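Please read all numbers here as calculations on a predicted model, not as lab measurements.
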Amino acid sequence: MISTRIRPRYWKLTAVFLGVVLIAAILIATRKSDSMDVLAARASYRDLNQQVTTNGTVFPVNEFQARAFWPGIVDKVNVELGDKVKPGQLLVSMKDPFAVSRMTAARAALDGWQLSEENIRNGGTKQDQIDLHGKLEQAQLTQADATKSLNALRQLQQKGAASEAEVNAAAQKVQSANEVLQNLREKSSNPYSAAELKNATSHLADAQANVDSAKVQFNNANIASPIVGTVYSIKVVAYDWVPVGADLIRVADLNQVEIRAYFDEPEIGKLAAGQPVKITWDGKPDRAWHGHIKQAPIAATALGPRSVGECIIAVDDAKEDLLPNTNVIVTATIQQHNHALTIPRAALHTDGPKNFVFCVVDGRVKKTDVDTGIVNLDRAEITNGLTENSVVVLNPLDNSRELRDGLPISSVQPAPSE
């Protein structure tokens, strides 16, 4: 009777025990299935910057473009590519057989009128002055003789030895001699009239204008460089026929170049004069140049399907190795913070206006709100919410899993770049 009562009770206890064990096993299995392996990194202090990159075209600051002033034939190209030229050095000549003769004739006419105008202002040439002085002396002698003869005849008339007709004739000679002497004296003090001087000055101005015109025509036919520079473009050879305005030769100082770059509209508001710029060119992949923004964009314009702002960049270290009209890549640094607390960009998440990360805390995932500063493609600056060496999760090792607040972590693998 006793054994009959114990057996059912024994089986009940056994069932309860097995149930507890089963529930515990289920809980352990569930916990194990929820835990995950993660890739993580530590927050650390680094120098961080934000950059924008675009394309641009190199152009010289100090350039001279020799162009054809009239349609015609190229007579001679006087330089070669790469030549260093000085101001006044002849670059190219156009066929104009009368350019030299026009210049010579105009200069001769100018020299003649310059001499004439100078002589008029100085009272004539030396020979003119000598001749005038001789005439003046002769007129004075003539006047003195005529006066002496008149006085003698008047004395004889008083004695009845000379007639009145003889005295009147002598008086007429004295009057004529006085008039000649007065005219010569006036000419000696003022040899040329104001009208003569004005006429000579007018002719001198016309002669100078003719020389200037001939010089322009001569220079148009014989084009010289007005600057020191390097010949970097020659578009013609001798005997080419060119239209008016044709681009013949270009000279530039290749140590002074700038870049015209086009940044997309969302970025132009971040650009400012003085920001540092790095320049690279596929033509010299092992070389980099440095510069700064000289003029930030002042308007957005359409460039094909893009809306862009034009930016002028000064190159600070060009040494005739960044060629005009080449296409380059420019990278402008628009922000830079030194010793900033940063995390990998992959660890940062965004929910509307809020930013957050998943930290590793006590073996579990903890969602943590953060404030950010500079964020670039690689790293993000954390201004609030984390401390140095805080461990942040980049992603689960199992890509099918999703991070959630409170999930247990079975293992933490450091990111390779950390």
Side-chain angles (χ1 to χ4, degrees), residues 69-70 86-90 93-224 226:
F69 290 93
W70 65 77
K86 299 178 180 179
Q89 185 169 338
L90 192 62
S93 301
M94 299 283 291
K95 281 190 178 295
D96 186 354
F98 304 107
V100 175
S101 60
R102 280 196 299 265
M103 176 68 74
T104 302
R107 285 194 178 279
L110 177 63
D111 291 342
W113 282 109
Q114 282 178 335
L115 181 60
S116 296
E117 198 259 357
E118 181 180 357
N119 289 335
I120 289 175
R121 291 186 183 278
N122 294 333
T125 65
K126 289 291 184 182
Q127 187 61 47
D128 290 341
Q129 293 176 7
I130 291 172
D131 292 344
L132 180 61
H133 183 70
K135 289 178 181 180
L136 184 60
E137 288 182 346
Q138 182 63 41
Q140 288 173 338
L141 290 174
T142 300
Q143 192 269 351
D145 290 342
T147 302
K148 185 177 179 180
S149 296
L150 176 60
N151 291 334
L153 286 172
R154 282 176 177 172
Q155 290 178 358
L156 291 174
Q157 184 183 25
Q158 292 176 357
K159 296 177 180 180
S163 64
E164 184 176 357
E166 290 175 320
V167 172
N168 290 338
Q172 184 64 37
K173 288 182 179 180
V174 170
Q175 182 179 357
S176 296
N178 287 337
E179 290 176 355
V180 171
L181 180 60
Q182 180 63 28
N183 289 335
L184 289 174
R185 284 174 175 171
E186 290 178 358
K187 190 170 184 178
S188 177
S189 61
N190 190 15
Y192 295 96
S193 66
E196 289 175 312
L197 178 60
K198 182 178 180 181
N199 181 63
T201 302
S202 176
H203 280 88
L204 179 62
D206 290 341
Q208 182 63 59
N210 289 335
V211 167
D212 293 341
S213 176
K215 186 183 294 184
V216 169
Q217 293 176 337
F218 179 84
N219 290 339
N220 289 348
N222 302 274
I223 305 172

Task: P87 versus P226, closest heavy-atom pair with distance - done: CB-O, 3.8 Å
Task: Nearest atoms (heavy-atom pairs only) where L90 meets I223 - done: CD1-O, 3.6 Å
- [ ] With sequence neighbours left out, write down each residue that passes side chain to side chain donor-acceptor pair (under 3.5 Å) with Q208, or none if nothing qualifies.
- [x] D212
Open item on the list: Going by the rule side chain to side chain contact (heavy atoms under 4.5 Å, CB included), which residues pair with E164 if we only count those two or more places apart in sequence or in a different chain?
Closed with: Q157, N168
Open item on the list: Could you measure the distance from the CG atom of N222 to the CE atom of M94? Nearest 0.5 Å is fine.
Closed with: 10.5 Å
Under 3.5 Å, sequence neighbours excluded: what are the donor-acceptor pairs made by side chains of residues 148-156?
{"residue": "S149", "atom": "OG", "partner": "D145", "partner atom": "O", "Å": "3.1"}
{"residue": "N151", "atom": "ND2", "partner": "T147", "partner atom": "O", "Å": "3.3"}

